[in-house]
Number of protein chains: 2
Amino acid sequence: MSIELDDIDLKILQSLQEDGRISHAALGKAVGLTGPSVYARILRLEREGVIKRYTTFFDPDKIGQHVVAFVRVTTRTAFSDAEQEGFEQFVMKEPQILECHDVDGEDSYILKIRTSSPQTLRQLLKELRMLPFVARTVTSIALATIKESGLTIPLPSPIEGPGPTEPGNTT
Amino acid sequence: MSIELDDIDLKILQSLQEDGRISHAALGKAVGLTGPSVYARILRLEREGVIKRYTTFFDPDKIGQHVVAFVRVTTRTAFSDAEQEGFEQFVMKEPQILECHDVDGEDSYILKIRTSSPQTLRQLLKELRMLPFVARTVTSIALATIKESGLTIPLPSPIEGPGPTEPGNTT
DNA sequence: GGTGAAATTCTGGGCCC
DNA sequence: GGGCCCAGAATTTCACC
């Protein structure tokens, strides 16, 4: 279930997404409130679970993480709950696996992986394929990253005019 | 090229990744330095481009972003630079496209997309397929997200002992 | 939501190793 | 070069209205 967010909340979230260390005062000036009032809203948003955490982005190359890959994992048709558990726990504990999504379609999972080198990726894939839950993996190594916003919110999509809008979408 | 990072730098980066709003003083206590010393290092890391930005993560569901999908984009075999430009610019300007990677293998691009509803996703895919650069798209909608750390660094990979290390890797 | 104030933090300068 | 101490400025985080 979504939570009620007014325009001021959205602006606060947008600013926090762009600069996680912005001060309450600066935020207040941007949204037309005082520092403490903004602070009260932030506390509420944290309490409600809208804000999950504050974090910092690094340049992967500068810290020796040179490889990004996406792995499509096909699982065996017959598997036990324990085997699925084992797979998901492996994913959770492996820091080089950044993301893991259960998807429909021909594959069962999509993984986003970051490693320092192709060798490290190879080793990780070897471990993955050793899991009884895993039947097959298809790996796509990124040659270039065009965009990686990391933004959880696509924020207010302001342009609604030019694009062909779909009528009757009372979501 | 990677940048020289000592253990203290790595600990600072790790802490900043876990909590982007941690104070310099608290950071100093964690790594055995004073606040100002930590601050000097952070300034250096920012200047060197290791630290890219501070940001905030939200619960996608709580802000009405209910759909996550990965789209594999196959491009036409013959295309002009202008057509490729057009595609990449579309990707850059579309906030609902969170990531776009140029990959090898059978596909040409992998996109990570977040939308509020399947209808919005459908509309976005329609626009994608209208681009002359795009030949085919294969979409996998995530039924569940097992892990989405967003962490750029898998940080200290502490376990080096048990795993079969590959000798002769003089990278 | 605002105001005012105390506790904490940021951030720069100067100094030492 | 890197770190420490110190101090003024800014911020966070409380009161209470």
Side-chain angles (χ1 to χ4, degrees), chain A residues 1-65 150-153 155-156, chain B residues 1-59 62-64 150-153 155-156 158:
Chain A
M1 182 98 306
S2 303
I3 283 187
E4 292 259 338
L5 300 171
D6 61 20
D7 285 353
I8 292 182
D9 287 329
L10 282 175
K11 278 189 188 171
I12 289 175
L13 294 178
Q14 171 169 27
S15 295
L16 281 176
Q17 190 168 248
E18 286 170 5
D19 177 8
R21 301 201 76 151
I22 188 174
S23 74
H24 301 163
L27 254 172
K29 193 171 288 182
V31 304
L33 290 182
T34 63
S37 300
V38 169
Y39 178 53
R41 279 176 181 259
I42 289 179
L43 287 182
R44 173 173 55 78
L45 291 167
E46 289 176 350
R47 185 163 17 88
E48 291 175 337
V50 177
I51 294 175
K52 296 269 280 186
R53 49 195 287 270
Y54 304 92
T55 189
T56 308
F57 276 167
F58 311 117
D59 184 328
D61 265 321
K62 296 254 170 72
I63 54 180
Q65 298 292 322
L151 305 186
T152 319
I153 327 187
L155 292 183
Chain B
M1 184 99 306
S2 302
I3 282 187
E4 292 259 338
L5 299 171
D6 62 19
D7 285 354
I8 293 182
D9 287 330
L10 283 174
K11 278 189 189 171
I12 289 175
L13 294 178
Q14 172 169 30
S15 295
L16 280 176
Q17 191 168 246
E18 286 170 6
D19 177 7
R21 300 202 75 152
I22 188 174
S23 74
H24 300 165
L27 252 174
K29 193 170 288 185
V31 304
L33 290 181
T34 63
S37 301
V38 169
Y39 177 54
R41 280 175 180 260
I42 289 178
L43 287 181
R44 173 173 55 79
L45 291 166
E46 289 176 351
R47 183 162 20 88
E48 292 175 337
V50 177
I51 294 175
K52 298 269 279 188
R53 49 195 289 268
Y54 304 91
T55 188
T56 308
F57 276 168
F58 312 116
D59 184 328
K62 295 254 169 71
I63 54 180
L151 305 187
T152 319
I153 328 188
L155 289 189

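Numbers restart at 1 for each chain; the letters A, B, ... are given by sequence-line order, proteins then strands.
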Can you tell me how far C1' of D:dC4 sits from CZ of B:R41, to the nearest Å?
13 Å
To the side chain of A:S23, which of C:dG12, D:dT12, D:dT13 is closest?
D:dT12
Distance test, side-chain N/O of A:H24 to OP1/OP2 of D:dT12, below 4.0 Å
yes
So do A:D59 and B:I3 actually touch side chain to side chain, heavy atoms under 4.5 Å?
no
Rounded to whole Å, please give me the gap between CZ in A:R44 and C1' in C:dG1.
12 Å
In sequence, state the C-alpha distance, the side-chain angles, and the governing distance for A:T34 and A:V38, and then conclude on side chain to side chain contact (heavy atoms under 4.5 Å, CB included).
CA-CA 6 Å; A:T34 63; A:V38 169; over 6 Å; no
Integer-rounded Å distance: D:dA10 C1' and A:R21 CZ:
14 Å
What is the distance, to the nearest angstrom, from the CG atom on A:L27 to the C1' atom on D:dT11?
13 Å
Distance check needed: D:dG1 C1' versus B:D9 CG, whole Å only.
13 Å
B:Y39 side-chain N/O to C:dT11 phosphate OP1/OP2 under 4.0 Å
yes
Separation of B:R47 atom CZ from D:dG1 atom P, in whole Å?
10 Å
Donor on one side chain, acceptor on other, A:E18 and B:Y54, under 3.5 Å
no
In this structure, how many angstroms lie between the P atom of D:dA10 and the NZ atom of A:K29, rounded?
12 Å
Kindly say if B:T34 contacts the phosphate of D:dG3, meaning a side-chain N or O under 4.0 Å from OP1 or OP2.
no
Testing D:dG2, C:dG2, D:dC4 for proximity to the side chain of A:L33, the answer is C:dG2
One thing to verify: whether B:R41 and B:D6 come together as a salt bridge, which I'm taking to mean a side-chain N less than 4.0 angstrom from a carboxylate O.
yes
Within the side chain of A:T56, is there an N or O that forms a donor-acceptor pair under 3.5 Å with the backbone of B:L16?
yes
Report the distance from atom CD1 of A:I42 to atom P of D:dC14, rounded to the nearest whole Å.
13 Å
To the side chain of B:P36, which of C:dT3, C:dG2, C:dT11 is closest?
C:dT11
